[in-house]
Amino acid sequence: MASLAFSATKTCSTPTYMTFFEKFDHVKHDNPIFWKVNFTSNKCKKRDLIITNVATKPPAVAPPAPPPPATTTNTVQSKRKLVAWTSVKQERWQGELEVEGEIPLWLNGTYLRNGPGLWHLGDYNFRHLFDGYATLVRLHFENGRLIMGHRQLESEAYKAAKKNNKLCYREFSEVPKPDNFLAYIGDMANLFSGASLTDNANTGVVKLGDGRVVCLTETIKGSIVVDPKTLDTIGKFQYDDNFGGLIHSAHPIVNDEEFITLLPDLINPGYLVVRMEPGTNERKVIGRVDCRGGPAPGWVHSFPVTEHYVIVPEMPLRYCAQNLLRAEPTPLYKFQWHPESKGFMHVMCKAGGNIVASVEVPLYVTFHFINAYEETDEDGRIKAVIADCCEHNADTTILEKLRLQHLRSFNGEDVLPDARVGRFTIPLDGSPYGKLEAALNPDEHGKGMDMCSINPAYLGKKYRYAYACGAQRPCNFPNTLTKVDLVDKKAKNWYDEGSVPSEPFFVARPGATREDDGVVISIISDKNGDGYALVLDGTTFEEIARAKFPYGLPYGLHGCWVPKK
Ligand SMILES: CC1=C[C@H](O/C=C(C)\C=C\C2=C(C)CCCC2(C)C)OC1=O
Ligand SMILES: CC(/C=C/C=O)=C\C=C\O
Ligand SMILES: [Fe+2]
């Protein structure tokens, strides 16, 4: 494997992590290049980042393209096209960025974002967005300054793939090819035991109440603890309980008090609702929901909670054991669409595990719930639960639209399926049906709606604002940032033509009393192949700062905030 050396030097007298020299493994398809990162100004407020190609190391085999000239300054050689859907350029990088605009001085802490950033092994290209090996990105904000870093997560799946230069574990859509029939039989056995499933925790990253930072995916074994300062992989998060099972929701509800998740039961269709306290690794049962439809539980990529309840969605897009066993992906991957099985929403009491409502709702497709809350009558009695999600109009084609080939081949056609803020109203008076309606006119956000966040202080409570990716059409992927006002039923949109923004992440100003008093952070891949961190004002949704990366980064999924201690 070729290697890459980085030297980042600076003259300013601050953190030691700013000066480093490391040798990194470099993904095969890029030329080995030495980059020198210089901070030419030692004024701590404003600095100039000059990225200079200082040397090119002759590779063992002639490179496919000539190396960039040795004297180029202020430029990074790029292919001048969107890099959101191409593998990350190298294992890791860290350095301070030049900030345009003003980062609020109160914004002190670290935004971490996880996502599938490496989609090939040698000449073999993965097919689906969700297959890539996890790339962590770190934006460390301190006194108006910004230090960026990225690094590959050292999961067993990633390490084995690098070592053997082939896929060794089952990813979202990719399955290792058995060498012979005996290996095929072994693989089937490993599938049932979970041994062949990936631990490539490429979906999200959460900060537990005890400070541990854990990367997650849909497989339980893909829970991996990382160091938020260095992005080092610390090791597996071992759950100290006997639930077994192979999968959980990719989006647990996490705050300083608890970690709640759903464990789908594929044998007796249902879900176990479990809770883990900070400082422990032991999940305890809150209760169980039996599915009302079949033949398997609905996919629970995420779920919402209110102050008193856990809402368990039973989506007609259900896990599918046959598809799990297939070597080649189906259009719905590990799932199957069962409109005849209907869709349901169940409401479980957090305290006792009893089910207080279980209603049939219109068919729906969602990855992400936004939030939920309890609606009370004049006497303060809870009469309904409201649950909002990014809803794809009960159309499953979004899963196919996230194939890399599709994402990489935008030709100006408007091919992103419509989505909306789907608002469920779940009555608690014993009525058998719940409602599902658009919370606002989807034209407000271009009929694109996914990758959402809220002010975390409003988790489970009546709230007004949601942040998400929307659409400015024509497009093949959500390409705007949108702030949705669920009371005025209006949206404010940010758009940069040809760019792909990642999930907008809200961070509240310490001491804030207004829901939208804070900033929204997103990472942008632009049409020139560059990338930058963007900070918007949470209230006006206007840009307040941006900081360009040395090179564009691949698209990423979900993030978390680690406040400065
Ligand atoms: C979204 C999203 C994709 C990514 O999924 C990763 C894996 C490996 C998922 C695997 C599976 C399912 C999606 C369904 C059931 C079985 C299993 C193979 C575990 O993680 C995400 O969050
Ligand atoms: C990127 C995405 C879903 C991610 C799941 O974690 C959906 C985009 C759709 O419009
Ligand atoms: Fe997700």
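Start at 1 and go down the list; that is how both ligands and their atoms are numbered. One-based numbering along the sequence shown.
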Open item on the list: Heavy-atom pairs closer than 4.0 Å: do any link ligand 2 to the side chain of M449, the backbone, both, or neither?
Closed with: neither
Open item on the list: On a heavy-atom basis, I'd like to know which of L216, N323, T217, L324 is closest to atom 6 (C) of ligand 1.
Closed with: T217
- [ ] Check L246 against ligand 1 and report side chain, backbone, both or neither, counting heavy atoms closer than 4.0 Å.
- [x] neither
- [ ] Could you count the protein N, O or S atoms found under 2.8 Å away from the Fe ion (ligand 3)?
- [x] 4
Task: Shortest reach to atom 14 (C) of ligand 1 by a heavy atom, considering only Y169, Y333, Y319 - done: Y319
Open item on the list: Judged on heavy-atom distance to atom 13 (C) of ligand 1, which of F130, F335, W299 sits nearest?
Closed with: F335
Open item on the list: Check this for me - ligand 2, T203, N or O atoms closer than 3.5 angstrom, yes or no?
Closed with: no
Open item on the list: If the contact criterion is a heavy-atom separation under 4.0 Å, does K401 count as touching ligand 2?
Closed with: no
TODO: Check each atom of ligand 1 against the heavy atoms of T198 and keep those under 4.0 Å away; list them by number with element.
DONE: 8 (C)
TODO: Give a yes or no on whether a salt bridge exists between E314 and R292, defined as a side-chain N under 4.0 angstrom from a carboxylate O.
DONE: no
- [ ] Output yes when E391 and R420 qualify as a salt bridge under the 4.0 Å nitrogen-oxygen rule, no when they do not.
- [x] yes
Task: Atom indices of ligand 2 within 4.0 angstrom of F130 heavy atoms, with elements - done: 3 (C), 4 (C), 5 (C)
Open item on the list: Just to be sure I'm reading this right: ignoring hydrogens, which of E218, H368, E174, K221 gets closest to atom 10 (C) of ligand 1? Compare them by their nearest heavy atoms.
Closed with: E218
Open item on the list: Just to be sure I'm reading this right: ignoring hydrogens, which of L557, I398, L416, L129 gets closest to atom 9 (C) of ligand 2? Compare them by their nearest heavy atoms.
Closed with: I398
Open item on the list: Taking 4.0 angstrom as the limit and counting only heavy atoms of A250, give me the atoms of ligand 1 inside it, by number and element.
Closed with: 22 (O)
- [ ] Assess F367 for proximity to ligand 1: is some non-hydrogen atom of it under 4.0 Å away?
- [x] no
- [ ] Please collect all salt bridge (charged side-chain N to carboxylate O under 4.0 Å, His left out) contacts where either partner lies in residues 244-255, sequence neighbours excluded, each pair once.
- [x] none
TODO: Evaluate the ring planes of Y333 and H128, with Trp represented by its six-membered ring, and classify them as parallel (under 30°), tilted (30 to 60°) or perpendicular (over 60°).
DONE: perpendicular
Task: Nearest-0.5 Å distance, CZ of residue F126 to OG of residue S173 - done: 9.0 Å
TODO: Examine the proximity of ligand 1 to N200 and report which part, side chain or backbone, both or neither, has a heavy atom under 4.0 Å away.
DONE: neither
Open item on the list: Do the side chains of D485 and K490 get close enough for a salt bridge, i.e. N-O under 4.0 angstrom?
Closed with: no
TODO: Look at atom 20 (O) of ligand 1 and find which of L557, T203, I247, T219 reaches it with the closest heavy atom.
DONE: T203
- [ ] Look at ligand 2 and say whether A419 reaches it with a heavy atom at a distance under 4.0 Å.
- [x] no
Open item on the list: Are the side chains of E515 and Y463 in contact, using a 4.5 Å heavy-atom criterion?
Closed with: yes
TODO: Report yes if H301 has an N/O atom closer than 3.5 Å to an N/O atom of ligand 2; otherwise report no.
DONE: yes
Task: Distance filter under 4.0 Å to F367 heavy atoms, resulting ligand 2 atoms - done: 3 (C), 7 (C)
